[in-house]
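One-based numbering along the sequence shown.
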Amino acid sequence: QSQLVESGGELVQPGGSLRLSCAASGFTLDYYAIGWFRQAPGKEREGVSCISSSGGSTAYAHSVKGRFTISRDNAKNTVYLQMNSLKPEDTAVYYCAADTPGHATVQAMCAQLGSAWYDYWGQGTQVTVSS
């Protein structure tokens, strides 16, 4: 079965760091643009960061710019989200999604918050930032 699997979420103190992973199973991630999205209880879903299939283009939400870095290792079929200087407001379930090549720019992709837009949507990993 082809799917995306997120991992790396856990409880961390404010100011700490985490690295989330988005691994593809059953298909090759190389051709897809990948996005990270998050949703906290009672809040709207937010596009956190997106990366093109080549890795040459990236986009970030204003709320995470300068603190989060998206990257990809196509040899490992995995996309990463390095999160530094974490804040309590970063607490959410984080999802990754794969978009058809050429479907949209990374900026436009990060604005598409509905899972139906994407070819693949993961099950999510919980990130909790609390002391």
Side-chain angles (χ1 to χ4, degrees):
Q1 181 181 0
S2 299
Q3 59 182 348
L4 289 173
V5 179
E6 302 94 335
S7 61
E10 62 180 69
L11 172 65
V12 62
Q13 291 189 342
S17 297
L18 282 177
R19 188 177 77 160
L20 304 184
S21 298
C22 171
S25 173
F27 69 101
T28 302
L29 211 54
D30 299 26
Y31 306 112
Y32 293 86
I34 302 297
W36 283 98
F37 302 83
R38 67 185 181 186
Q39 189 160 22
K43 294 188 177 181
E44 290 190 354
R45 186 175 292 169
E46 178 183 23
V48 176
S49 183
C50 296
I51 188 168
S52 62
S53 57
S54 69
S57 296
T58 58
Y60 295 92
H62 179 74
S63 58
V64 307
K65 198 170 292 186
R67 300 188 297 123
F68 290 11
T69 303
I70 192 170
S71 63
R72 64 190 302 154
D73 186 340
N74 286 341
K76 294 184 177 180
N77 222 23
T78 302
V79 172
Y80 304 99
L81 185 69
Q82 177 67 43
M83 307 188 295
N84 299 329
S85 303
L86 283 161
K87 305 175 181 180
E89 51 263 43
D90 294 318
T91 296
V93 178
Y94 284 71
Y95 303 89
C96 65
D99 192 16
T100 300
H103 195 195
T105 65
V106 289
Q107 290 80 7
M109 178 183 173
C110 266
Q112 293 294 335
L113 305 180
S115 58
W117 172 270
Y118 297 95
D119 293 346
Y120 300 96
W121 184 274
Q123 85 291 346
T125 185
Q126 175 71 48
V127 172
T128 302
V129 184
S130 175
S131 55

**Fill in**
All heavy atoms of Ser21 vs all of Trp36, minimum pair found to be O-CH2, 3.6 Å
**Asked** Which pair of heavy atoms, one from Val79 and one from Ile34, lies closest together, and at what distance?
**Response** CG2-CG1, 3.6 Å
**Fill in**
Taking every heavy atom of Leu81 against every heavy atom of Ser49, the minimum-distance pair comes out as CD1-CB, 4.1 Å
**Message:** Both conditions, 6.0 Å and 45 degrees, for the charged tip of Arg38 above the ring of Tyr94: are they met here?
**Reply:** no
**Request:** Check whether any side-chain heavy atom of Asp73 sits under 4.5 Å from a side-chain heavy atom of Tyr80, and report yes or no.
**Result:** yes
**Prompt:** Atom OG of Ser25 and atom CD of Gln3: how far apart are they, to the nearest 0.5 Å?
**Reply:** 5.0 Å
**Asked** Are the side chain of Asp119 and the backbone N or O of Ala98 linked by a donor-acceptor pair below 3.5 Å?
**Response** no
**Asked** Is there a side-chain contact between Gln82 and Ser17 (heavy atoms, below 4.5 Å)?
**Response** yes
**Request:** Say whether Leu113 and Met109 are linked into one hydrophobic cluster, either directly or through other cluster members, by side-chain heavy-atom distances under 4.5 angstrom.
**Result:** yes
**Message:** Taking Arg72 first and then Asp30, would you say they form a salt bridge - that is, a charged N and a carboxylate O separated by under 4.0 Å?
**Reply:** no
**Asked** According to a 4.5 Å side-chain heavy-atom criterion applied to Ile, Leu, Val, Met, Phe, Trp and Tyr, with indirect links allowed, do Tyr32 and Tyr95 form part of one hydrophobic cluster?
**Response** no
**Request:** Identify the two heavy atoms, one from Gly47 and one from Ala61, that lie closest to each other, and give their separation to 0.1 Å.
**Result:** O-CB, 3.3 Å
**Exercise: identify the closest heavy-atom pair between Ser131 and Pro14** = N-CD, 3.7 Å
**Complete:** Heavy-atom closest pair (Ala92 atom, Ala40 atom, distance to 0.1 Å) is CB-N, 3.8 Å
**Asked** Hey, does the Lys NZ or Arg CZ of Arg67 hover above the aromatic six-ring of Tyr60, less than 6.0 Å from the centre and inside 45° of the axis?
**Response** no
**Prompt:** Is a side-chain donor or acceptor of Ser130 paired with a backbone partner of Thr128 at a separation under 3.5 angstrom?
**Reply:** no
**Prompt:** Given side chains that start at C-beta, do those of Val129 and Gln13 come closer than 4.5 Å, heavy atoms only?
**Reply:** no
**Item:** Interatomic spacing from CG in Asn77 to SG in Cys22 - rounded to 0.5 Å
**Value:** 9.5 Å
**Message:** With heavy-atom distances below 4.5 Å as the criterion, would you say the side chains of Glu44 and Gln39 are in contact?
**Reply:** no
**Item:** Heavy-atom check, side chain of Asn74 versus side chain of Tyr31, under 4.5 Å
**Value:** no
**Chi angles and distances behind the side-chain contact (heavy atoms from CB on, under 4.5 Å) call for Leu86, Thr91** = CA-CA 9 Å; Leu86 283 161; Thr91 296; over 6 Å; no
**Item:** Sidechain-backbone polar pair: Asp99 side chain, Tyr120 backbone, donor-acceptor under 3.5 Å
**Value:** no
**Prompt:** Hey, is the main chain of His103 close enough, under 3.5 Å, to the side chain of Thr100 for a donor-acceptor pair?
**Reply:** no
**Request:** Classify the side-chain pair Ser63/Glu46 by whether it contains a donor and acceptor separated by less than 3.5 Å.
**Result:** yes
**Note, Met83 side chain near Val127 side chain (heavy atom, < 4.5 Å)** = yes
**Message:** Using the ring centroid of each side chain, check whether Tyr118 and Phe37 are separated by less than 6.0 Å.
**Reply:** yes
**Message:** Between Leu29 and Ile70, is there shared hydrophobic-cluster membership here, with clusters defined by ILVMFWY side-chain heavy atoms closer than 4.5 Å?
**Reply:** yes
**Item:** Joint hydrophobic cluster, Trp121 plus Trp117, side-chain heavy atoms closer than 4.5 Å
**Value:** yes
**Message:** Just so I know, are the side chains of Val93 and Thr125 near enough to count as touching, which here means a heavy-atom distance under 4.5 Å?
**Reply:** no
